[in-house]
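Working notes, structure below.
The structure presented is a predicted model; accordingly, all values stated were derived computationally and were not measured.
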Amino acid sequence: MRYTEKNPPFRMSQFSLFYAGQPHPTKYDCMKNEVIASHFEMLADLLEIQGANPFRIRAYRNGARTISSTSESLDDMVSSEKDLTELTGIGKDLARQIHEIVTTGKHVALEALRKEIPGGVLDMLRIQGVGPKKVSVFFNELGLRSLADLKAACEAGQLAKLKGFGRKTEESILQNIDLAAKQSERVSIAEARAAAEAIVDDLKQQAEVEQVSVAGSCRRRRETCGDLDILATCSDPGPPMDRLAAHPLVETVLQRGDTKQRVRLKTGIELDLRVVPEASFGAALLYFTGSKEHNIVVRQRAKDLNLKVNEYGVFRGEEQIAGRTEEDVYAAVGLPWIPPELREHRREFEWADAGTLPKLVTVVDIQGDLHMHTTASDGAATIEEMALAAKARGLKYIAITDHSKRVSMANGLDAERLRQHWKDIQNVRARMSGIDILCGIECDILEDATMDLADDVLAEADWVIAVLHYGLKQPGKQIMKRLMAAVKNPHVDIIGHCTGRMIGRREGADVNFTDLLKAAADNSVMMEINAHPSRLDLDDIHAAAAKDQGIPIVISTDSHSVNGFEVLEYGVDQARRAGLTSEDVANTKSLKEFRELLK
DNA sequence: GCCGTTTTCGGCCCGACTGTTTTCAGTCG
């Protein structure tokens, strides 16, 4: 099983933690949901190599998905003796295993399998075109235990001698084996969208092409994408495939069939183009957008109605009864159209059945941006330049929130400079029309759980964002002590980029969201979705949990220049994935209404 | 391994592409 986007629900950073060595998290003082999920993913991989019952394997993967979609920490659920089997896909046995992992730090079932199958064997699954069956043959018949072993065996021509293997397989493995490490890398949604949308725009130039759309995880607006999917309708698939093959972003064509072409882009990411007849566009778009888990439920529902859904349409017997649009496919199985951002098999079907699908927030709903920097700290533009740029983008109000002094590298402000800065802001505000400017501060929560600026200074601010920048690797207890102190500080309005993670580069702090969100709700503190594509912090799961607590969410760009506002859409996408409506997002309100939400 | 107002047993989504094959298994999405 390759770790593509449809497969693992756990984070990229967990991925490396997972394969680099022990799956046991020594750095945490509680067991993270993602880590438990990664245990079950690994167990599923090992069982697959062993040739276990595929439905048993799927049960482990389903369990892993549920776990990583659960905001409440399983650690807490175990210690408060909650019934884990109430989680979808968690039955008696998985509940028992979770309990074991949390209470003992051991996972007997996983450890037993790991003894039988070395970690290097699992690495082979990451090679394109190599799955559990082939790996099983490599390990059991040739005794290969690592990628290096496999490479040597290919070079020695050992593989081609095996039954069912040939020269081409050997060549393909040799070609892809060095890419195996790179394959696991996912690109940010920003990078994914840029590439996919460029190619979509190009395909639209092809006269024969009728409709083109981005699909896949990119259309669902996941934080990162493992590959790209594009769907087109055309009576003849040839022209769009030729055009894609010749596109300057494309490096090589990996596969080409009658309806499907797979290419590798120069950036290393792979892209699938699928060409279908117009009567199938909706069905194919649904199928190609995923998620896999969402599609399985749709197909199951069709089956219950004696219908069949595939990428060509909805069929009753031989007769196609829907497929031209996504709306008619959903309608055929008794569902309203579900926005792509919600298609993760979390709560969307429950909402759809109850008629309570949220009307998701959009970029045009956003009226204010409440996190940005100027030349006073590490920004590239002045107060006035930022305000003009914000106004040009249609914003009605902004908050200037430069860094506090602890962030010395960014020229953070002490009390004296900050007070002068606020005077400068007030001067700009006085001479500008059409946009309001709040005097804010992005104040560090120091390692010892005190604030970087004194209360009397914070009290003068219109808007205080409290953030962690340093000491992110502190034990969870200390992290929580810091966050709780900030939440309880009477002058703090919001927690910014809560975990401090940098997607794909840096693990976030060990935050207990159950405790934090409860405290935020009790103390009328808002939570930020930082829109920068490398942060997107809160993530979708925790933003949804914040909404459940009634906590107002603010989507902020954290702009450091006049171009910084462009990332707003990524923050909105994250909010949409969390199921947030404009009601849930505080900066969709007018400044007057927004101020009423402040404590 | 999970699940269930038809079920506590018998189901568990569906098709394209490739390579190795004379009809299919493995992989992938």
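- For A:Tyr570, there are no ring pair (Phe, Tyr, Trp, His ring centres under 6.0 Å) partners, not counting sequence neighbours.
- A:Arg262 and A:Asp229 are not joined by a salt bridge, as no carboxylate oxygen comes within less than 4.0 angstrom of a charged side-chain nitrogen.
- Using bins of under 30°, 30° to 60° and over 60° for the plane-to-plane angle, the ring pair A:His107/A:Phe40 lands in the perpendicular bin.
- Nearest to the side-chain atoms of A:Tyr60 among the listed nucleotides B:dG1, B:dG29, B:dC12 stands B:dG1.
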Reading nucleotides 16-26 of chain B 5' to 3', which nucleotides get B (base under 4.0 Å from a protein heavy atom), which S (sugar-phosphate only), which -? SSSSS-----S
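- A:Ile90 comes within 4.0 angstrom of sugar-phosphate atoms only, judged by non-hydrogen atoms across all strands, and of no base.
- Here B:dG4 presents its C1' atom at 12 Å from CG of A:Asp304, a figure rounded to the nearest Å.
- With P as the reference atom, B:dG15 and B:dT8 are 30 Å apart, rounded to whole Å.
- The side chain of A:Lys92 contributes no N or O atom lying less than 4.0 Å from OP1 or OP2 of B:dC3.
- A salt bridge between A:Arg501 and A:Glu507 is absent, with no side-chain N of the basic residue lying under 4.0 Å from a carboxylate O of the acidic one.
- Of the nucleotides present, none pairs with B:dT8 by Watson-Crick or G-U wobble criteria with both distances under 3.5 Å.
- In this structure, A:Leu84 atom CG and B:dC3 atom P are separated by 12 Å, rounded to whole Å.
- Within a 6.0 Å radius of CZ in A:Arg145, other residues, nucleotides and ligands contribute 12 heavy atoms or fewer.
- With rounding to whole Å, A:Arg96 atom CZ is found 9 Å from B:dG1 atom P.
- Here the P atom of nucleotide B:dG4 and the CD atom of A:Glu86 are 12 Å apart, to the nearest Å.
- The pair A:Arg222-A:Glu341 does not count as a salt bridge, with every side-chain nitrogen at least 4.0 angstrom from each carboxylate oxygen.
- Remark: the A:Tyr60 side chain and the A:Glu48 side chain contain no N/O donor-acceptor pair separated by less than 3.5 Å.
- Put simply, CZ on A:Arg58 is 14 Å from P on B:dC3, counting in whole angstrom units.
- Atom CD in A:Glu270 sits roughly 12 Å away from atom C1' in B:dG29 (whole-Å rounding).
- Ring orientation note: the planes of A:Phe138 and A:Phe165 are tilted relative to one another, at an angle of 30° to 60°.
- For B:dT18 and B:dT23, the C1' atoms lie 15 Å apart once the distance is rounded to whole Å.
- When the C1' atom is used for both B:dC12 and B:dC17, the distance is 25 Å, rounded to whole Å.
- When heavy atoms are screened at a 4.0 angstrom cut-off, A:Val298 is found touching no nucleic acid atom at all.
- A heavy atom lying under 4.0 Å from DNA chain B marks none of the residues of residues 329-339 of chain A.
- Here B:dG29 presents its P atom at 11 Å from CZ of A:Arg186, a figure rounded to the nearest Å.
- For the P atoms, the distance from B:dT7 to B:dC2 is 22 Å, rounded to whole Å.
- Taking the charged nitrogens against the carboxylate oxygens, A:Arg343 and A:Glu326 do have a contact shorter than 4.0 Å, which makes a salt bridge.
- Residues A:Ala196 and A:Val214 approach most closely at CB-CG2, 4.0 Å, considering heavy atoms.
- Using P as the reference atom, B:dG11 and B:dA16 are 26 Å apart when rounded to the nearest Å.
- At a cut-off of 3.5 angstrom, the base of B:dG1 holds at least one donor-acceptor pair with the side chain of A:Asn53.
- Rounded to a whole angstrom, the distance from the C1' atom of B:dT21 to that of B:dC14 is 23 Å.
- Protein atom CD1 of A:Ile296 is 10 Å distant from nucleotide atom P of B:dC14, rounded to whole Å.
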